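Structure record follows, encoded as structure tokens.
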Number of protein chains: 2
Amino acid sequence: MFREVKAAYERIRNVVNTTPVMTSSTLNQLAGCSCFFKCENFQKTGSFKFRGAYNALSQLSHEQKKRGVITHSSGNHAQALALAARILGIKAIVVMPEDAAATKVSATRNYGAEIVTCGSHPEDREKAVEPLRKQYGYTLIHPSNNLSIIAGAGTAAYELMKQVDGLSYVFCPVGGGGLLSGTAIATKGLTPDIQVIGVEPKNADDAYRSLKAGKIIRVTNVKTVADGLRTSLGNHTFDVIKRNVDHIITVSEEEIIDAAQLIWERMKLVVEPSGAVSFAGVLSLRRRLRSRSVGVILSGGNIDTASFFETFKQHLGTVESETKSTP
Amino acid sequence: MFREVKAAYERIRNVVNTTPVMTSSTLNQLAGCSCFFKCENFQKTGSFKFRGAYNALSQLSHEQKKRGVITHSSGNHAQALALAARILGIKAIVVMPEDAAATKVSATRNYGAEIVTCGSHPEDREKAVEPLRKQYGYTLIHPSNNLSIIAGAGTAAYELMKQVDGLSYVFCPVGGGGLLSGTAIATKGLTPDIQVIGVEPKNADDAYRSLKAGKIIRVTNVKTVADGLRTSLGNHTFDVIKRNVDHIITVSEEEIIDAAQLIWERMKLVVEPSGAVSFAGVLSLRRRLRSRSVGVILSGGNIDTASFFETFKQHLGTVESETKSTP
């Protein structure tokens, strides 16, 4: 599938942001290795998801484009698909659970998608999608278990390989497995001896368990601060990961939060907990990584900071705007 | 003084970070103009202050270096001076008020400075500095009212001018006025017709009032979320600003907080409220800036996010680390 990643890159490179690779001497000291952070929080719509969404939509037939697309997502894929569809002039329907963050719902709507609300159980999403898809002929663009989504997601690591030489490892978060699948294909396709490590919240360790069992195991009642990683692997992502990923490791909620806070405070980057899981994995394996060059995919930065800023406002009697000019 | 900024740039360019200029189509839409954000939050020690500190220290005589330096600061200058001194092998004493943020005190200590605690009133700082300076012969490096500090601070705008063509305005926060002075000298020195706008919290509007009155007016009982901008102008900075800055405008606490939140959420950049004041100014003048290219100095990103991450931890029963590997 490496060819598909290369083709995806040529297809989307003029539309996606070429995100920067950033470094921090403080975090290198903490991790005991040289970390190269691939900053997909700077991607359009705030996460890597835009790469796959745009790649998938741009390959639809004229007929499919005319009918429109549908997906289900509580967050980053929703916004990515909505923007990609708007750019390509395609109607997009996004099924979102009733407990999705209000900011993500409004962002998705602002990008021009039509929102359909469903219940909060995972199976509610597909139940809401199916009748609409059948009735209107919409094409389903699954958030992760879709080969075009995987190939698009892989362009982040493909770009990283072109930006940084000499990596020994690439660390990547695992949710539905689309990003990890694409990352593994791109990395191994270019430099087979780079180790690809998937990092998963301990509280949502379906990929870890699935690889161990040799079959897809779904986790239920998932409760993790890494809200983008609650979903389980699908048949395509399981297959790619099984064949191309070297290790899956798990990290605790505390490790995830600490990793995110380090990236915020030391690198000045807003990264969401799901996006910082890869760096939590680096820290947990630091003894093995000594002095190596390590790629770290920061997958996204969509997080509601209203509560934090609310605290500021409460601390201060805010003053009405009085803008003046002098001399 | 433009010559001094150019000399400072040559002196420090291999040690300071060349910080990136970033853009956001969403924020451009909101502001109705093209904003070019000069990201000094990515500078060493997290703010532009490192530029001036390193420039000042590297010009000391051998004798001065041997004796050591002293300053007073509750925050960014403290850290910057501490690191610059460490790099140059100079002993640094930093007088910090007893109510300084614990994270800033520990960061300053971690960079190797010796901390002396003083009372929380502004005049307590100089009272603590003077006897030490006299007794040990330390050289005082004032946080803003010092020509080498001003020239070093100006290298941020100097770099910005080299990175972006066609700016019509540069917006810059005003505290003690070191950054605004340097910004004005660099900007006018390279392109005199670019308008330089200083932006100040309404609650700490000493620069606005001083320019109006034609003499330095100090504000007392300053209470603003932009903690880096509580200080007043000095004779050098007042003089430079009077002659080179086109306008000083003021913004409310609410405008500052909203600007910071926009930069966090839309640009994924951690910027401190003091650093976001410049963008608050852009938003407040948006009607005048239509479609122009505007440089915006984001002066720093040092902010304690512990309370925000604490909330995450409280929401979740955190699980102990259990790192495993498979297959």
Side-chain angles (χ1 to χ4, degrees), chain A residues 20 22 25 39 41-42 44 46 103 202-203 205 208-209 211-212 223-225 242 247-255 257-258 260-261 264-271 273 281 284-285 301-309 311-313 315-327, chain B residues 20 22 25 39 41-42 44 46 103 202-203 205 208-209 211-212 223-225 242 247-255 257-258 260-261 264-271 273 281 284-285 301-309 311-313 315-327:
Chain A
M22 302 194 82
S25 54
C39 296
N41 54 335
F42 291 138
K44 284 192 165 89
T103 51
K202 171 79 188 75
N203 286 3
D205 64 347
Y208 173 79
R209 291 200 210 183
L211 284 198
K212 207 168 171 184
K223 196 180 173 190
T224 171
V225 67
K242 201 170 56 183
H247 297 284
I248 303 268
I249 64 173
T250 63
V251 289
S252 71
E253 295 299 300
E254 199 151 30
E255 288 175 302
I257 295 168
D258 288 346
Q261 191 175 357
W264 284 45
E265 293 200 342
R266 303 306 176 94
M267 295 194 73
K268 315 301 177 193
L269 296 177
V270 173
V271 63
S284 84
L285 284 197
N302 291 327
I303 186 166
D304 189 347
T305 63
S307 65
F308 184 61
F309 287 97
T311 317
F312 276 123
K313 290 185 187 175
H315 276 300
L316 289 154
T318 67
V319 180
E320 274 310 290
S321 165
E322 246 182 81
T323 303
K324 317 177 211 167
S325 181
T326 181
Chain B
M22 303 193 82
S25 54
C39 295
N41 54 335
F42 291 138
K44 283 191 167 87
T103 51
K202 172 78 188 74
N203 287 3
D205 63 348
Y208 172 79
R209 291 199 211 183
L211 284 199
K212 209 169 169 180
K223 197 180 172 192
T224 170
V225 67
K242 202 171 54 183
H247 297 284
I248 304 266
I249 63 172
T250 63
V251 289
S252 71
E253 295 299 301
E254 199 151 32
E255 288 175 302
I257 295 168
D258 287 346
Q261 192 175 357
W264 285 42
E265 294 201 343
R266 303 306 175 93
M267 294 194 74
K268 316 301 177 191
L269 296 177
V270 174
V271 63
S284 84
L285 285 198
N302 290 327
I303 185 166
D304 189 348
T305 63
S307 65
F308 184 61
F309 286 97
T311 317
F312 277 124
K313 290 186 186 174
H315 275 300
L316 288 154
T318 67
V319 179
E320 276 308 293
S321 164
E322 247 183 78
T323 304
K324 317 174 211 169
S325 178
T326 180

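Quantities reported herein were computed from a predicted structural model and do not represent experimental measurements. Here is how names work: the chains are called A, B, and so on, in the same order as the sequence lines, proteins then strands, and each is numbered from 1.
Phe309(A) contributes atom CZ, which lies 13.5 Å from atom CD of Glu254(B) (distance to the nearest 0.5 angstrom).
When all heavy atoms of Met267(A) and Phe42(B) are compared, the closest pair comes out as O-CE2, 3.1 Å. What you find for Ile257(A) and Phe312(B) is that their closest heavy atoms are CD1-CB, 3.8 Å. Between Val270(B) and Val270(A), the shortest heavy-atom contact is CG2-CG2, 3.7 Å. The two residues Ile303(B) and Glu265(A) make their nearest non-hydrogen contact at O-OE2, 3.8 Å.
Heavy atoms of Thr305(A) lying under 4.5 Å from chain B belong to its backbone as well as its side chain. With a 4.5 Å cut-off on non-hydrogen atoms, Asp258(A) touches chain B through its side chain but not through its backbone.
Scored by the side-chain hydrogen bond (donor to acceptor under 3.5 Å, both in side chains) test, Asn41(A) finds no partners at all (sequence neighbours excluded).
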